[in-house]
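Here the structure comes first, spelled out in structure tokens, and everything after it is commentary.
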Amino acid sequence: MELLPAYDCHCHILPGLDDGAADLEESLFLCRWLVGKGYLEAVCTSHSTFLYRNTEEGVAKAVAELQRELDARDIPLRLIPSLEYRLVPQTWPRERLLPWKGNHVLVELSLRTPEKMLPLVPEEEIRGLVEAGYQPVLAHPERYLWATPEDYDRWRDAGALFQRNLGSLEGFYGAPAQLRARYLKEKGYYSFLGTDLHNRRYAEAFDGL
Ligand SMILES: [Fe+2]
């Protein structure tokens with residue numbers, strides 16, 4: 001496995017909030033796995049999507065509760081509450097945001113159909129976040145299979161930093177995403193590496209990298 005950063009900026013380890021950890025037992029397994037890989041901190045980025053309408057308050061409460069469980073078991077991982085904000089008009093935040101490490105905000109674009117984002121335009125929303133004092137971080141741009149090289153340039157030039165998923169380079173998300181991850185890495189687009197850890201299956205696959 002490649003050299004990992006000191007903190008994970010993207011994971012779904014809070015129990016029962018989205019399609020990540022199902023319950024406390026799975027959350028604890030994933031937290032122990034992160035500690036085993038050397039992580040000191042994890043930014044808990046539960047989904048904010050049409051399907052999973054998590055709130056800043058809900059995530060903060062869930063983080064406090066899971067942190068208590070970790071502390072009680074001497075699992076040395078510090079949790080940081082945030083969200084993975086998908087750019088869809090139904091849930092895209094206009095004002096209330098929960099940034100990590102100062103002003104960073106994880107933004108996810110539509111994975112397969114860019115029309116789902118309309119009337120929102122990614123580069124305009126990225127620029128708006130920057131103007132509001134935030135640092136937008138694009139979650140796994142290698143997974144946006146509809147994006148053109150010009151799209152990637154537009155988002156970067158608008159002020160977004162790029163976050164690659166662990167496993168993308170090795171094909172965990174399929175060959176098309178793997179090719180894009182290679183392209184973006186070779187061209188120097190990436191600033192962050194995140195696990196996007198959801199469940200045991202992810203952890204076991206990453207162990208095999
Ligand atoms: Fe995610």
Side-chain angles (χ1 to χ4, degrees), residues 4-5 7-22 26-27 29-31 33-34 37 39 41-56 58-60 62-63 66 77 79-88 90-93 97-101 104-114 116-117 122 125-126 129 134-147 155 160-174 177-178 180-181 184 189-206 209:
L4 298 169
Y7 71 95
D8 186 11
C9 66
H10 184 170
C11 61
H12 301 265
I13 58 175
L14 297 175
L17 263 62
D18 57 13
D19 56 347
E26 189 161 38
S27 289
F29 174 89
L30 297 175
C31 288
W33 185 86
L34 287 167
K37 295 296 170 198
Y39 286 107
E41 298 175 309
V43 184
C44 299
T45 50
S46 297
H47 284 295
S48 165
T49 65
F50 184 70
L51 197 55
Y52 302 109
R53 301 199 175 203
N54 282 302
T55 64
E56 286 73 12
V59 169
V63 158
L66 182 56
L77 185 68
L79 305 179
I80 299 167
S82 193
L83 288 134
E84 179 179 13
Y85 295 97
R86 187 170 295 176
L87 190 71
V88 286
Q90 295 90 346
T91 58
W92 178 246
L97 291 162
L98 188 55
W100 44 275
K101 299 281 179 187
H104 293 73
V105 175
L106 193 64
V107 177
E108 180 185 41
L109 304 189
S110 183
L111 292 180
R112 287 182 195 85
T113 48
K116 279 192 175 171
M117 298 187 288
E125 298 304 317
I126 289 166
L129 287 175
Y134 294 106
Q135 173 56 68
V137 177
L138 265 192
H140 45 65
E142 67 274 14
R143 298 191 62 200
Y144 312 148
L145 301 185
W146 48 270
W155 304 334
L161 297 178
F162 286 23
Q163 176 257 309
R164 175 167 55 88
N165 270 7
L166 188 62
S168 284
L169 280 176
E170 293 82 2
F172 182 65
Y173 297 94
Q178 182 180 26
R180 282 167 183 265
L184 293 169
Y189 282 85
Y190 289 121
S191 299
F192 294 96
L193 173 63
T195 65
D196 207 356
L197 188 63
H198 277 69
N199 53 46
R200 284 186 173 84
R201 186 178 66 84
Y202 281 61
E204 286 161 11
F206 297 156
L209 296 180

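Remember, it's 1-based here, ligands and their atoms both numbered in the order they're listed. Source: prediction; values computed, not measured.
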Handout entry: Distance below 2.8 Å from the Fe ion (ligand 1): protein N/O/S atoms
Key = His10 NE2, His12 NE2, Glu84 OE1, Asp196 OD1

Handout entry: Working for side-chain hydrogen bond (donor to acceptor under 3.5 Å, both in side chains), residues Asp19 and His47
Key = CA-CA 8 Å; Asp19 56 347; His47 284 295; 3.2 Å; yes

Show which side-chain atoms of residues 134-141 pair as donor or acceptor with protein atoms under 3.5 Å away, not counting sequence neighbours.
unit_1: Gln135; atom_1: NE2; unit_2: Gly159; atom_2: O; d: 2.9
unit_1: His140; atom_1: NE2; unit_2: Glu84; atom_2: OE2; d: 3.4
unit_1: His140; atom_1: NE2; unit_2: Glu108; atom_2: OE2; d: 3.4

Exercise for the section: Quick one: list whatever passes salt bridge (charged side-chain N to carboxylate O under 4.0 Å, His left out) with Lys116, sequence neighbours left out. Expected result: none

Side-chain donor-acceptor contacts of residues 166-174 below 3.5 Å, not counting sequence neighbours, with atom names and distances?
unit_1: Ser168; atom_1: OG; unit_2: Glu142; atom_2: OE2; d: 2.6
unit_1: Ser168; atom_1: OG; unit_2: Asn165; atom_2: O; d: 3.4
unit_1: Tyr173; atom_1: OH; unit_2: Asn165; atom_2: ND2; d: 3.2

Problem - Ring centres under 6.0 angstrom apart (Phe192, His10) - result: no

Handout entry: Parallel, tilted or perpendicular, as decided by the 30° and 60° cut-offs, for the rings of Phe206 and Tyr202
Key = perpendicular

